[in-house]
Number of protein chains: 2
Amino acid sequence: MLKMAKKLDYRPNLAARYLSSKRTLHISINTLQGKTSFWDEVRAGIQEESRFLDLENVELEFRTYPHLGESEDAAFESAIKAGVDGILAFPSSPQNLKKFMRQTAAREIPLVFVATDAPGVAKLTVVSIDTKASGFLAADLMGRLLGKGRVAITMFDKKITEHAEKGEAFARTLKSYYPEMCVEDPIEDHDIESEAYEKTSRLIAAHPDLAGIYVTTEVSIPVIKAARDLGVLDRLVIVTTDLFPALAKEIKEGAVTATIYQRPRTQGRMAFRALYEYLVDGSFPRRRITLAPHLVMRGNADSFLQQDTSDLNEGEGEVAEFSGVAEP
Amino acid sequence: MLKMAKKLDYRPNLAARYLSSKRTLHISINTLQGKTSFWDEVRAGIQEESRFLDLENVELEFRTYPHLGESEDAAFESAIKAGVDGILAFPSSPQNLKKFMRQTAAREIPLVFVATDAPGVAKLTVVSIDTKASGFLAADLMGRLLGKGRVAITMFDKKITEHAEKGEAFARTLKSYYPEMCVEDPIEDHDIESEAYEKTSRLIAAHPDLAGIYVTTEVSIPVIKAARDLGVLDRLVIVTTDLFPALAKEIKEGAVTATIYQRPRTQGRMAFRALYEYLVDGSFPRRRITLAPHLVMRGNADSFLQQDTSDLNEGEGEVAEFSGVAEP
DNA sequence: ATGAAAGCGCTAACAT
DNA sequence: ATGTTAGCGCTTTCAT
């Protein structure tokens, strides 16, 4: 009886646990090598939060692979073999991942996904951008600026949940608020530059009245180039995704109206936080952690590009001798 | 010699420190009672982060005052008398605060400001929204939608740094990107509804060609009402600040084009984090912690209003005793 | 003043 | 298997 009661509201003292336990948590970070800076930022966010939260008992193991596909599998296998305590990953090919599901499940290795979900795979949580808000923002912006006309959307592949969701929110918003606008079937570029260029060119040729394009993938530059080469850039409203130097240039020059920033650093931070909490506390995060996108236009493009050091500065390693709070 | 070397790369083990120390940190949260939900959200963010970070050695003391002015001073005095280890505050009247500067400085009580800076007051850091990005966003949105015309801006008072900065960014953006637009002298509403209504009405009467209004304060409803009463609401582009139910309604109905959400919860979280880290680690935060504003339009208004539980889930245990200070 | 010793609440290695 | 004990790195108290 008493034991029961005691057990119910018993909370282990984490400080004591850290102190006594020699064990260090090994967390594997399986992500894609940065094509643009997106993944570098995600990793930076993870490191940041790790340093902030950690009471020096966690070790990050970065398994960064250059391409989707087998090197991704290799990273997974290697992590499992190494006996890591948790995995934080970018799931690119859900089918392959299922092979590992049993293993992670059997060994009770918690899994957190960043940026994209892998439907059907058991995981602790997924951290991603709010796709509805993204699609909506792009649509309302275009709608307000154009009022009517034909617009297009590009995505990696209709099968990527996140992209499909953005597309759906985009189309739905346009339909309900701007009935005089219509959306073409999505272009699928598979993150391949030439494919994006080709398909965009063809689309523009087929629809000389095209008024806007919403690019949900990272390959926005080829889309812009196609429009420019065909001489229609000036009359297109282009809304893109993410932010990197080449794109910032186009934004500042007015070629791109706005971009929807997916806050990679914060995604990394949140993902690590969720995994760490689970490992340390046993507490479950929400099933999905969704971030509000930031709208970037020419005025604030630069402030987003420069390292958003975000929260804390370096721990100087000094004893807390409260040395007066001076303002320099 | 050896001592020196040792001291230099010595890093105290925080876990051990928490464990052994009986001391609990007392942090006073001096904020304004919520007129809208802004301050409630800030406090929620503080609580959230506190529960998340805390290894049960911190105690929050909320000193919430109904009005600016003397009750604010009282809260400050009470906190200092109580011997708190740190204060997290909304500085409404910088002049008064200076009286306490000496005291906090003398007793080495670190001070963190939220939402607004108090220039000239020594503090650990200030957490606030990115005013430039806010003003810019409002301006570029209006510029893109209107192209030309006369627009106005309302603020609490020209003397509030944050408001002045927003106004400046707004005007500067308009001037450089949309030379055919012009900005009226700012309306100062001092957060008083009747004042906002009066002055807006007068402005509209004086400038029948007014095309847009950027409201940087929380009193956007009276501005909308004035425009509606004078029958010009339909042709005005209105961009507001913050978000609360009554405003969300106006956004969804199209009266307000967009609002710039200042992320009160995140402001609270960041502020607490900075103060806590300093208290525990001795590490100094950046001088200013600036958050990117969120653009809210009719499609995503609801998702912002519903409690953004943000990061973590529940921490079940309860802290022992709260001294005579009320919880929010 | 300065230094030695006793815990803080756990885990891990030991003994039964 | 179960119970006991040493000790993690600090702070605090107690003795010198």
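Each chain gets a letter, A, B and so on, in the order its sequence line appears, and its residues count up from 1. Model, not experiment: these values are computed from the prediction.
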Extract from the structure each pairing of a protein N or O with an N or O of nucleotides 13-15 of chain C at less than 3.5 Å, listing the distance.
none

Distances under 3.5 Å between protein N/O atoms and the N/O atoms of nucleotides 5-8 of chain C, please, pair by pair.
residue, atom, partner, partner atom, Å
dC8(C), O2, S20(B), N, 3.2

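With F52(B) as the aromatic partner, R273(A) meets the cation-pi criteria of under 6.0 angstrom to the ring centre and within 45 degrees of the ring axis.
Residues satisfying the side chain to side chain donor-acceptor pair (under 3.5 Å) test with S20(B), not counting sequence neighbours, are none. With sequence neighbours left out, K123(A) forms a salt bridge (charged side-chain N to carboxylate O under 4.0 Å, His left out) with D117(A). Applying the ring-ring contact (aromatic ring centres under 6.0 Å, His included) rule to Y18(A) yields no partners; only residues at least two apart in sequence or on another chain are considered. Every residue two or more places apart in sequence or in another chain that forms a salt bridge (charged side-chain N to carboxylate O under 4.0 Å, His left out) with R43(A) is listed here: D40(A). Under the side chain to side chain donor-acceptor pair (under 3.5 Å) criterion, E165(A) pairs with T131(A), not counting sequence neighbours. Residues that satisfy the salt bridge (charged side-chain N to carboxylate O under 4.0 Å, His left out) test with E162(B), not counting sequence neighbours, are R288(B). A search for ring-ring contact (aromatic ring centres under 6.0 Å, His included) contacts involving Y65(A) returns nothing, not counting sequence neighbours. Partners of D85(A) according to the salt bridge (charged side-chain N to carboxylate O under 4.0 Å, His left out) rule, which considers only residues two or more places apart in sequence or in another chain, are R23(A). In terms of the ring-ring contact (aromatic ring centres under 6.0 Å, His included) criterion, residue partners of Y276(B) (sequence neighbours excluded) are, by chain and number, F272(B).
Rounded to a whole Å, the CZ atom of R11(B) is 20 Å from the P atom of dC8(D). Across the protein-nucleic acid pair, R17(B) atom CZ and dC8(D) atom P stand 18 Å apart, rounded to whole Å. If you measure from atom OH of Y18(A) to atom C1' of dC8(D), you get 15 Å, rounded to the nearest angstrom. Between the C1' atom of dT12(D) and the CZ atom of R23(B) lies a distance of 13 Å, rounded to the nearest Å. Rounded to whole angstrom, the span from the CG atom of L14(A) across to the C1' atom of dC8(D) amounts to 15 Å.
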Under the rule of Watson-Crick or G-U wobble with both distances under 3.5 Å, where | means paired to another strand and [ ] a crossing pair, DNA chain C maps to |.||||||||||||.|
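The aromatic ring centroids of Y278(A) and F284(A) lie less than 6.0 Å from each other.
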